[in-house]
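Have a look at the structure below before the remarks.
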Protein chains: 2
Amino acid sequence: MFFLKELPSQQMVATYAETYGADPAHITSALLMMRRASLLIRRLDAYFAAHGLSQLRFLVLIVIDREPERQSLAPNEIASRIDVSKPVMTRTLQSLQQDGLISLAASQTDKRSKEAALTAAGRQQLQDALPGYFRILSEEMAHPPAAGD
Amino acid sequence: MFFLKELPSQQMVATYAETYGADPAHITSALLMMRRASLLIRRLDAYFAAHGLSQLRFLVLIVIDREPERQSLAPNEIASRIDVSKPVMTRTLQSLQQDGLISLAASQTDKRSKEAALTAAGRQQLQDALPGYFRILSEEMAHPPAAGD
DNA sequence: CCCATTTAGTTACCATGATAACATAAATGG
DNA sequence: CCATTTATGTTATCATGGTAACTAAATGGG
């Protein structure tokens with residue numbers, strides 16, 4: 001989470017930009033982008049929390065659901081579609097299973113691995129969360145950020 | 001940290017956008033912005049770690065340093081300039097003090113409060129980190145993200 | 001003035017990210 | 001075919017964010 005409510009002054013940016021051949025406009029736009037993205041992510045996190053989810057839990061459900069030809073994915077495959085470390089994936093899948101949103105079965109073909117599939121509750125939770133998710137994204141980009149945002 | 005390596009398909013976005021009156025282009029650009037910002041933040045985190053800092057530790061040093069008329073700020077004032085909770089500020093200031101980058105003294109005027117000031121080492125650490133920080137921001141925005149980024 | 005409220009900081013606890021080290025199974029190649 | 005290497009998942013530990021509840025001090029209305 002990035003956050004400086006007031007950006008570095010134009011003078012400060014200009015001084016460093018000059019010295020190091022960087023473009024002050026680029027620096028400012030990078031800072032604005034990070035602040036805007038951070039605010040959006042914060043808003044999404046609050047939304048997911050209200051739905052008993054989190055960014056990662058939501059993404060896991062999406063990734064399993066959107067696989068066209070299959071009912072389940074291995075944790076390994078899920079992790080490769082989302083940029084997250086293996087231990088975090090292990091923990092997240094276990095918590096989703098505890099909450100009844102996915103099932104975790106031993107893989108038939110690879111004894112090291114597992115098969116994660118959506119339960120009916122998981123599919124429902126995903127369907128419940130998707131509309132608001134897209135609405136937030138759309139709203140956020142519909143209006144440019146105000147200066148003081 | 002946001003991350004879905006492959007964005008939701010155009011069809012999926014279009015379906016939801018239609019149903020809920022959202023603009024598919026807005027949704028896609030929001031997802032791209034979050035991914036781009038996440039990659040940049042990750043890169044900055046790695047940079048700060050190499051300098052014995054973190055995003056927040058760096059921001060705290062900047063905020064104290066850039067105060068034009070004063071040598072020190074209260075934790076409360078620092079927290080109000082950065083968007084971070086009080087307990088995190090407490091912890092961060094203590095760690096910066098342990099590392100010798102700031103001094104923390106009791107406030108003369110308010111017995112509840114403290115005064116955080118940069119040490120010479122803290123000022124030096126900040127000066128060392130600033131050029132690379134601005135360089136990364138500038139580089140990042142200099143080239144538009146590739147499709148597979 | 002004094003008691004209630006507000007403010008500043010801290011403590012305790014939880015969520016969620018990472019890496020390192022490990023056990024076990026699969027794959028590979030001599 | 002067996003030994004080494006690679007791949008999968010887990011555990012342990014750490015970093016860094018949050019909220020709730022607490023203490024102590026300042027503030028302010030009666």
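Model, not experiment: these values are computed from the prediction. Numbered from 1 within each chain, the chains take letters A, B, ... in sequence-line order.
Residue-to-nucleotide contacts include no donor-acceptor pair under 3.5 Å from the side chain of Arg42(A) to the base of dG18(D).
The side chain of Arg112(A) sits closest to dA26(C) out of dT10(C), dA26(C), dG9(D). With dT16(D), dA12(D), dT16(C) as the candidates, the nucleotide lying closest to the side chain of Pro87(A) is dA12(D). For Asp110(A), taking side-chain heavy atoms from C-beta onward, the closest of the listed nucleotides dA26(D), dT10(C), dA25(C) is dA25(C).
Put simply, Thr90(A) has a side-chain N or O that comes within less than 4.0 Å of OP1 or OP2 on dT10(D). Phosphate contact (OP1/OP2 of dT16(D), side-chain N/O of Thr92(B), threshold under 4.0 Å): absent. At dT8(D), none of the side-chain N or O atoms of Lys111(A) fall inside 4.0 Å of OP1 or OP2 (strictly under the cut-off). In this model, the phosphate group of dT19(D) is not approached by any side-chain N or O of Lys86(B) to a distance below 4.0 Å at OP1 or OP2. Between Ser85(B) and dG18(D), a side-chain N or O to OP1/OP2 separation shorter than 4.0 Å is present.
The nearest heavy atom of DNA chain C to Ala74(B) and to Arg91(B) marks one nucleotide each, and the one closer to the 5' end goes with Ala74(B).
Aromatic ring centres of Tyr133(B) and Tyr47(B) lie farther apart than the 6.0 Å criterion allows.
Looking at Glu77(B) and Arg70(B), a side-chain N of the basic residue comes within less than 4.0 Å of a carboxylate O on the acidic one, giving a salt bridge. Ion pairing between Asp99(A) and Arg57(A) holds under the 4.0 Å rule for side-chain N and carboxylate O. Salt bridge status for Glu67(B) with Arg81(B): present, with a side-chain N to carboxylate O gap under 4.0 Å.
Rounded to an integer number of Å, the gap from Glu115(A) CD to dG9(D) C1' is 14 Å. When the C1' atom of dT16(D) is taken as reference, atom CD1 of Ile82(B) falls 14 Å away, rounded to whole Å.
Nucleotide dT16(C) forms a Watson-Crick or G-U wobble pair with dA15(D), both donor-acceptor distances falling under 3.5 Å.
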